[in-house]
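Down below is the structure, laid out as structure tokens.
The chain is numbered in sequence order, starting from 1. Whatever order the structure lists them in is the order used to number ligands and atoms, beginning at 1. The figures that follow rest on heavy atoms only: side chains count, while hydrogens, waters and symmetry mates do not. Bear in mind the structure is a predicted one, so any value in this text is a computation, not a measurement.
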Amino acid sequence: MEIKRGIAVSPGVAIGSALVLDTEWFRIPRRSIPPELRLAEMARLREGLAQAANEARAHQATITAQLGGQYGAIFGAHALLLEDPALSREVEALIHNEGFSAEYAFSRVMRRYAKTLQSIEGGHFATRVADLFDIEKRVLGNLLGQRREQLKDLHDSVVVLAHDLTPSETASLDTRHVLGFATEAGGRASHTAIVAGVLRIPAVVGLGEFIMDVSGGDQVIIDGNRGLLIIDPDEETLEQYQHLLNTYRSFEHGLEELRDKPATTRDGVRVSLLGNIEFPEESDHCVQSGADGVGLYRTEFLYLDRKADPTEAEHLDAYLTVLKKLGNRPVVIRTLDLGADKFHSTEPIHGERNPFLGLRSVRLCLQNLTLFKTQMRAILRASAHGEVRILFPMVSTLLELRQCKMILAEVKEDLEEEGIPFDRRIPIGTMIEVPSAAIMSDLLAREVDFFSIGTNDLVQYTLAADRNNEAVASLYSPGDPAVLRLIAQVFQAGRKYGINVNVCGEMSGEPMYALLLLGMGLRHLSVTPRSIPEIKQVIRSVKISEAEQIAQEVMCLYTARDVNNYLREQTRRVMPDVMS
Ligand code: PEP
Ligand code: MG
């Protein structure tokens, strides 16, 4: 058994067999081979190895003819390893003694070799490790008859393990069969993590290197609450997790009963609890989990996985789908926030050296007015059919906000001239997710109808800690006093100018921070639909006076560690039933 610790990004427990994506999505069976069939399995292995060796020799000949002998020799070395009797003896022993399938036994041995080479200091053998993976793929291809899994088309349940997954790969996971996933890379507020929450599957990211320690078919556990990946669990651990899985299911079931109850605190303050969505199909999740509306529709997901930008009609179609599902509840549509980790999956926008500080989001739209106006037209047209609000992301200066509003006014004029109906008084909001915007919030507040605090980015830009980088994950904390001071400033500006302040980053979906934010003045929050019942439970179990006292204490603390420890303690005290 091996336990890896990473960052918990989507709660729950998954227990299942591993599908390791670095083996090019080969599904490696770990069936137990009965003793009477083991000799045949060993023969099958030898055949697979011989076939792979022949292929490597053929490759050697072709490459030598094309590029010369020294390049061909690489494949000659592959063939030599494949023909090495010591290799087949070791794999055969696993088949014979453990009853492993040929694929699983072979993968186990290759991963042990790779790990040994990797551990040699100086990284001199890194290319040899790549060779071993190449050989592993070749043999698995032969043994499995080149059968590959499509993540969209799985037939059995698996736990997906990968170095990294892009947001669109994550979005394409078939949740009927993918029980959960774990990745070596990634951070708490990465978009991959957000999409995992949306899909309602347990996920842990930022685990560091583990792919070499696991073979496809290994039994694994993902603990999405504590951020653990457990490889090859022992019986006791497995039993514990099986029990936890059942408890978790009944906890979720209990939360469902909250669906039709209002998000009102124990002292009678009604809080507006909204949902974050990425795809129109998620509107159902929002309604089913009892949201008061959509507080953040991340429209950039309309642009992922496609070569051409969506047309006005395609935008409108998506927005109308959401509005129809939401009935008369409000829907906040955020304009395109493309860039940094939200690229078109087929082609990056351009090769910037530092895309997080580059031409992204509203900056990109302001330089591409056709793109911006097309989306604005669709948002305005949708506003004739429901309670639509428009939200600008990544605004960092007052002038930028004014430019956005000016373009919106031009688009309104165009629609007016064309006689196309829209809501002339459509509420306009700005995201507060860059420290400069938080600092200037008293001025920005005079020019908009609402604020939405994007803590995912606000934390990363305040602390200069990439939200996707596991190496700086300990710095990346919404509980850092610097972040809290900025948030307090924004609430203050909102109160002074009488505008609503929503919090839509992942922070508000965590019970202990929700408790803190309520005490700081939060009355509108937007979270992933999956967290709605739990956050509703938080709201319904506290009194505002209690939360205010906690917030006051927190604002006197000096470090994120003190804040988080104190909040954990208070959450347990005030809401012993809330799982966090
Ligand atoms: C945020 O930054 O907190 C936010 C809600 O926007 P996104 O996660 O889409 O960047
Ligand atoms: Mg953001």
With backbone taken as N, CA, C and O and side chain as the heavy atoms from C-beta onward, which portion of [X] lies under 4.0 Å from ligand 1: side chain, backbone, both, or neither?
X	result
Arg334	side chain
Arg467	side chain
Asp337	side chain
Asn276	neither

Next on the checklist: Just checking: Glu433, one of its N/O/S atoms, less than 2.8 Å away from the Mg ion (ligand 2), yes or no?
Outcome noted: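 Yes, Glu433 qualifies, because one of its backbone or side-chain N, O or S atoms lies under 2.8 Å.
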
Item to check | Contact check: Arg360 vs ligand 1, nitrogen or oxygen atoms, below 3.5 angstrom | outcome: no

Next on the checklist: Taking 4.0 angstrom as the limit and counting only heavy atoms of Gly505, give me the atoms of ligand 1 inside it, by number and element.
Outcome noted: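 So the answer, numbered in order with elements, is 3 (O).
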
Next on the checklist: As an exercise, identify every atom of ligand 1 less than 4.0 angstrom from a heavy atom of Leu296.
Outcome noted: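 Every atom of ligand 1 under 4.0 Å from some heavy atom of Leu296: 5 (C).
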
Checklist entry - Is the closest heavy-atom distance from Met431 to ligand 1 below 4.0 Å? => result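 Yes; Met431 lies near enough to ligand 1 that a heavy-atom distance drops under 4.0 Å.
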
Item to check | Pairs satisfying side chain to side chain donor-acceptor pair (under 3.5 Å), at least one member in residues 362-374, at least two apart | outcome: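 Output for this query lists Arg363-Ser396, Lys373-Glu410.
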
Which pairs of donor and acceptor atoms, one on a side chain in residues 560-567, lie under 3.5 Å apart (sequence neighbours left out)?
from	atom 1	to	atom 2	distance (Å)
Asp562	OD2	Thr559	OG1	3.3
Asn564	OD1	Tyr513	OH	2.7
Asn564	ND2	Ser477	OG	3.2
Asn564	ND2	Ala560	O	3.3
Asn565	OD1	Arg568	NH1	3.2
Asn565	ND2	Arg561	O	3.4

Checklist entry - Does Ser508 use its side chain to pair, donor to acceptor, with the backbone of Gly505 at less than 3.5 Å? => result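 Yes: the side chain of Ser508 pairs with the backbone of Gly505.
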
Next on the checklist: So that I can tick it off, tell me whether Asp337 and Arg298 are bridged by a salt bridge, with the cut-off set at under 4.0 angstrom between side-chain N and carboxylate O.
Outcome noted: no

Item to check | Basic-acidic side-chain contact under 4.0 Å: Arg329, Glu387 | outcome: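 No.
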
Item to check | CA sep, side-chain torsions, deciding dist, call: Phe451, Phe491, ring-ring contact (aromatic ring centres under 6.0 Å, His included) | outcome: CA-CA 9 Å; Phe451 281 155; Phe491 278 130; 9.9 Å; no

